[in-house]
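Per chain, numbering begins at 1; letters A, B, ... match sequence-line order.
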Amino acid sequence: MIATGNPDVKTARRPREGGRRFPLHWIGAFPFLLYVGLFLLLPTVIVIVGAFAGKDGPTLSNITELNQEFVLNAFVASLLVSTASAVVGAVAGALLAYAVATGNPRGVLRRVVTSACGVLAQFGGVTLAFAFIATIGSVGFVTLWLQDRGLNIYAHGVWLTELPGLVLVYTYFQIPLMVLVFLPALDGIRPQWREATESLGGGTWHYWRYVAGPLLAPAFLGATLLLFANAFSAYATAAALISQGNPIVPIAISNFLTSETGRANPGLAQALALGMVVIVAIVMTTYALLQRRTSRWLR
Amino acid sequence: MSGALRRLGILAGALTLLTACGTSNAANTSAASAKSAADVGGMDALVAAAKKEGTLNVIALPPDWANYGVTITAFQNKYGIHVNSAAPNDSSQQEVDAIGTLAGTTRAPDVVDVGMAVALKNVDRFAPYQVSTWSDIPASSKEPTGLWVQDYSGAMAIGYDSSKVPAITSIQDLLGSAFQSKVALPGNALGSNQAVNAIMEASLNNGGSLDDISKGVDFFKQLKAKGNWVNVIGTTATVKEGTTPVLFEWDYNSQTHVKDVSTWKLFLPANPVVAAYAQAINKGAPHPAAARLWEEYLYSNAGQNEFLRGGAHPVRMAAMTASGSVDAAAAAALPPVKGTPVFMSDDQAAAANAYLKDNWSKAMG
Amino acid sequence: MTRARRLRLRVFRTIVLVLGGAFFLVPIGAMFEFSTRGNHVGAPRTLDAWTTIVTYPDLLGAIRDSLGLAAITSVAMVVLLLPTMIWVRLRLPRLKRTIEFLCLLPLTIPAIVLVVGLSPVYRWMAINLVDTIFLLSFAYVILVLPFAYRALDAGLSAIDVKTLSEAARSLGAGWGTVMFRVIAPNMSSALLNACLLSVALVLGEFTFANLLSYLNLQVEIFQLGLANAGTSIAVSVASLMFAFILLVILAFFGRVRARVAPERAGLPFPGAAGGGLR
């Protein structure tokens, strides 16, 4: 199939532009690139440069300071929490999106669910942490309700304010984000695929395993990576939920950026930020490669 | 090329701003360098100049911290000056940082209320000013030229919900089985002044000293081992909700929970840790007259009594009690301080923080 | 579809939707329950926290500012993103991956990192342009990019942008007409979706406003929370409900998303042009 906007086709149709095509067309993209460059890339570069800045000029001391136990622990914890919440959010979100996509596209349910997801995907921070404390904290009403029925979920210690609790709280905004991101892909499922599978004698399992699954896989994996990056950079919720220490990297960054007790170490904070940017860059590059690979065999 | 253009732009912008402000605010340029009300021409002139500015920027003043909410409203009503209260949860360091990052804008903080450690380190950002009631303030509570002046202090107390836990008579009670999953700190030990002072108080009551915070860390480690420790930052909301029924806090903060939990009581151990906060005026304050008027108000009887009603110990307490202008009912309601209050010096605080940095995460996981 | 399969699908949908509904509604219910508590065990429920909302003048100002920010951000997002996306689709297809990548970055760079870098930029703007809270829109447009891009891309993929634009141009339309009078009306529901997502984001944004010392809705809620826990939770619930109702109402006003047969777009199935993830 011919993809729209194939450059060969354009060249054939506008021979008089010849080699001067470059400057005219690229100007159209300038406003956006300029804006993003100024408000997104420039700040990132400032932070990256700051990671190498010492009191007397460029230095690697901030980077070498990263080699401490609590820093490595924070990165490992961040990666674990992000991966877990991304996987759980992706699976649960995909199921919820499928439940919505198979319904009436004009229906009330779909509009209500997508609106709710639009709102809840942004819900976070102190209020979300508090909502969970009020629900399932040590005196939350779900906890007490379960206790009345003889089930003590905190028999081995309160896990809500540790990393497992953080994963649970993160899924509260990961699932809506997944629905928002994955629903368009599910909308692309055509009934003809199902009919084709059935006419060839396949059942539901064959359909999902050999037809719909592989076709949706790149979208699903891409969305999961997105969820991972989202959880990795989330800060406000964790800060409100986990009170002590440097459990994950964004909290460590904020602890070092500003401290009432004179422990501020902006250089180390920016080095930590550089570490985060590097990890995110790796994830996003993987995502881009994934997109390119799978879109190649989708053509 | 673009750098020169930018500089030109900034220069043009600055000149425009200066000419716009310069002609109308002759009084303000003198307010910016005024070292006392007399320099501006007396209190009335100061009030007039401040009203002309019309706005005051404050930062990191939570409404229920030492009754600041009431103080701000009273100041607004008395002088008709609108108060912008930004970033209520900022730490002292963040307040001083904001002076830098917002310098030159109209939102830069005019005044800051910071802990002593931060105040001592940042005197180069402050402007000296002596309030009318200068002589009432003890010499140990102020910088000689008025770069920073303490405004109130409080003692580290243990607040508790008496309907959920038995009455506390000593810190060791917290290790008992009645306190399962109940004890919390009001901040992160690695960044919160309140939390550090709470741990120091635990240390003092467990064989430690102002130079040795390790016994405090051990105490909290024990709390955690017994399952009495709650890993949630205690706030007004968590106190009301019930997750943190026992909370270390400055006594003036602890008092505010009574309106949410009518059975909330305070316990003050003997020889408690106290700490004072200090007011300072930003050297580059966008509203210098309003900033100075604010300080005048805070150190007036009205302002100091507001602190008192908020449960804090105002710095002019001794003088006000002597002259009879203190709010007697509020003074009587202050939790009694047994023994001699102690406070960490700058060096002791630095040593405590260094110790916590290396050992708190290891102890508390 | 066979009856058995229809039944299975129905059961699956019911279970998922009920579980999902419970998971998302229970914490909000807990917040509402907390906001109606009295001040001691056994005290009667009270709506005091809700009625005191109107007595906080700063709150109303913050609501007004946040709504203004939401409107400005939506408009700025459409003006910045829509022409760029259309242009890239028509003339610069090689740039599509880059644009998509750039639009995903804001989700992945932590706010505290961005703010450290943005502070000097904001300071310059506050001194040399005008110092108002609406400057936050610049940063908010960036934050909104991941969601808006996705929504607009879905809309653009469903219509034949090339044919539409060529037809309009051949009739003498300028690019402005093509973009805003020909293409935009054909993807109105996607546009609406993008705007609604922007509104939801702006109303829920806290970190940037707080770190840059502005007073928007969430910062005021937070400040309220330090004074009166019940009221701040009440306001949070109210703002969630408000954003939700706004989105639902506007969703009913938008045109129904037409399911365009993919053959018309010249693709094997939707999504091929942009890879799997739109």
In terms of heavy-atom pairs under 4.5 Å with chain A, which of [options] leads?
| options | result |
| --- | --- |
| C:L114, C:V161, C:I221 | C:L114 |
| C:L17, C:I245, C:I15, C:T98 | C:L17 |
| C:V199, C:L95, C:L196 | C:L95 |
| C:S236, C:A200, C:A243 | C:A200 |

Value rounded to 0.5 Å, distance of [atom1] in [X] from [atom2] in [Y]:
| X | Y | atom1 | atom2 | result |
| --- | --- | --- | --- | --- |
| A:Q122 | C:L203 | CD | CG | 9.5 Å |
| C:L240 | A:L120 | CG | CG | 6.5 Å |
| A:L41 | C:L102 | CG | CG | 6.0 Å |

Largest heavy-atom contact set with chain C, pairs under 4.5 Å, which of [options]:
| options | answer |
| --- | --- |
| A:G118, A:P176, A:A131, A:A121 | A:A131 |
| A:L221, A:T135, A:I46 | A:T135 |
| A:V36, A:T127, A:T102, A:T44 | A:T102 |
| A:F130, A:F132, A:Y98 | A:F130 |

Contact origin within A:V112 toward chain C - heavy atom pairs under 4.5 Å
both
Is it the case that atom CZ in A:F30 sees more than 12 heavy atoms from other parts of the structure closer than 6.0 Å?
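No, because the 6.0 Å sphere around CZ of A:F30 holds 12 heavy atoms or fewer from other groups.
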Are any side-chain N or O atoms of A:Y35 and backbone N or O atoms of C:L80, one a donor and one an acceptor, separated by less than 3.5 Å?
no
When you measure from the side chain of C:R150 to the backbone of A:V181, do you find a donor-acceptor pair of N or O atoms at a distance under 3.5 Å?
no
Whether C:F138 and A:F39 hold their rings parallel, tilted or perpendicular, with breakpoints at 30° and 60°:
parallel
